[in-house]
Amino acid sequence: MPLPYYVSPEQMMQDKAEYAKKGIAKGRSIIAMEYEDGVLLVADNPSASLYKISEIYDSIAFSGAGKYSEFENLRKAGIRHADLKGFMYSREDVTARSLANGYSQSVGTIFSQELKPLEVEILVAQVGDQGHPNEMYRISFDGSIFDERGFTAIGGRAEALLVFLKERYKGAPPTLKAALTLCVAALESVTNQKLPIEGLEVAALDRTRPGRKFRRIPPAESRQILA
Amino acid sequence: MPLFPDDYGSSFFDYLAQQRPDLVPGGHGLIHPPSQPALEESRGLSLPPITHGTTVLALKYQGGVVVAGDRRATEGFQIAGRRLDKVFTIDDHSAIAIAGAAGPCIEMAKLFQTELEHYEKLEGVQLSCEGKANKLGQMVKANLPMVFQGLVVVPIYVGYDLKRAEGRIFKYDITGGRYEESDYHSIGSGGKDARNTMREHFRKHLPEDEALRVGLLALYNAAEEDIGTGGPDMVRGIYPTAKLVTAGGITDVEDQRIGMVYAALIEGRKREV
């Protein structure tokens, strides 16, 4: 029997990371930004039905970049986790922190144990209410988790987006109009083209809403906000 | 959460039954219906009485459906609660009203609420009105083992069907049988009395105020005839709950408005006596 070919763990992890990064780089980007009434999420997504942004629970939203089938599974698992927790305990006990930790564990375990890592980046956002701050977590393909403030981005052009936004997002959270304008400008700057409103998926976690805070902002409304 | 296997479909109820059968009403797989000898034996024991909720009703009107319920909870011949809510808002266009053992009733409402929201989030669209009614039927059916232990839960499902642009009422039996009612229905210990009143006063396409008055009158008459049904409690200011299920969503009728209906009704009664 021939000896299995030896690959050092460092080399293996590096190869996996490269593979995952390559997969994610192909995908389009998503921005999450705090605005005065909550968190705005904007994705460069030409499809009007295959969503990249969706609702997980009362005040929690999810978005995924990279391979659709993989982040769709993660999204469903997140909804099950949240609904089970809310049913077992109480609606207020479902938190973005615990959800982000769950994602980090799962994605991290797959990265180290499976042959093929997940080619996804995930963003979990929670709108704060009654004095509590908003929370935004970014989970990378290897399970590393980042707690973000103000704004964050995932997907192929995330780094360029972060550089663009860092220069322009200053001080207190902007109005919805200003935040959406800035997000669109950022996405246009990294794609070097004018993006049609129909090609954007926009949603918000709005703390002024009663009950479930998540709402989609259809193109017609986006156009109105930007006007 | 290992690799998130996706074999649960879009039903929270099925997911719960597989993952945490102990949390499913009806005790899927955990609590078995007692055998006949065990049942015989248990008749000798005196179990503590179980809290029961009583009369609830639904009736159609011009804009949708009025769904209402009294507030009394009983344990045997004792009053266990004066403020129990038996009418639950489930989502933007559905409400259920439940009669039976209070604990499992409230649990079923909560589970049904989670079920519909879960489906909506996973699928990206809401279940149809009919789909929701069927799903509730399956949940009632799953509760059948508990019925043999004396824990009966029977709901009325009220939904506004956006496609048909009309309010709809579904009633159930303990086996999960689902039957659509065309005009009105009432269940619980005072259900028959409430139905009698509604039969006399119901007309198609009543205006909102009149439908609300008929519903509240039916509960009032049920409370007069049935020991388990509570009437308006003028001393404590506790009134039956009522909700309006319409195309625009579900509105809770304020206590003040219900109080005024009852004040007028009681004035009328005084003159008649």
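Chain letters run A, B, ... following the sequence lines, proteins first and then strands; every chain starts at 1.
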Between A:E201 and A:R216, is there a side-chain N and carboxylate O pair less than 4.0 Å apart?
-> yes
Salt bridge B:R20-B:D22, side-chain N to carboxylate O under 4.0 Å = yes
Using a heavy-atom distance cut-off of less than 4.5 Å, which residues of residues 9-28 of chain A contact chain B?
-> none
Proximal to chain B - members of residues 120-154 of chain A, heavy-atom separation under 4.5 Å = none
Looking at B:T114, B:L16, B:L111, which one has more heavy-atom pairs under 4.5 Å with chain A than the rest?
-> B:L111
Heavy-atom side-chain proximity of B:R82 to B:I238 below 4.5 angstrom | yes
Residues A:S98, A:N101; criterion side-chain hydrogen bond (donor to acceptor under 3.5 Å, both in side chains); working and verdict = CA-CA 5 Å; A:S98 122; A:N101 269 316; over 6 Å; no
Rounded distance [0.5 Å steps], CD in B:Q149 versus CG in B:L144 = 11.0 Å
Exam field: side chain A:R97 to backbone A:A100, donor-acceptor pair closer than 3.5 Å = no
Could you tell me whether the side chain of B:R72 and the main chain of B:L84 form a donor-acceptor pair under 3.5 Å?
-> no
Residue pair B:T241, B:K86: steps toward the side-chain hydrogen bond (donor to acceptor under 3.5 Å, both in side chains) verdict = CA-CA 8 Å; B:T241 32; B:K86 302 159 200 175; over 6 Å; no
Below 4.5 Å from any heavy atom of chain A, which atoms of B:Q19 appear? Answer side chain, backbone, both or neither.
-> neither
Would you check, one step at a time, whether the test side-chain contact (heavy atoms from CB on, under 4.5 Å) holds for A:I225 with A:I217?
-> CA-CA 10 Å; A:I225 294 169; A:I217 301 177; 4.0 Å; yes
NZ (A:K85) with more than 12 external heavy atoms under 6.0 Å | yes
A:Y51, part contacting chain B, at a heavy-atom distance under 4.5 Å | neither
Using the benzene-type ring in the case of Trp, are the ring centres of B:F13 and B:F112 under 6.0 Å apart?
-> no
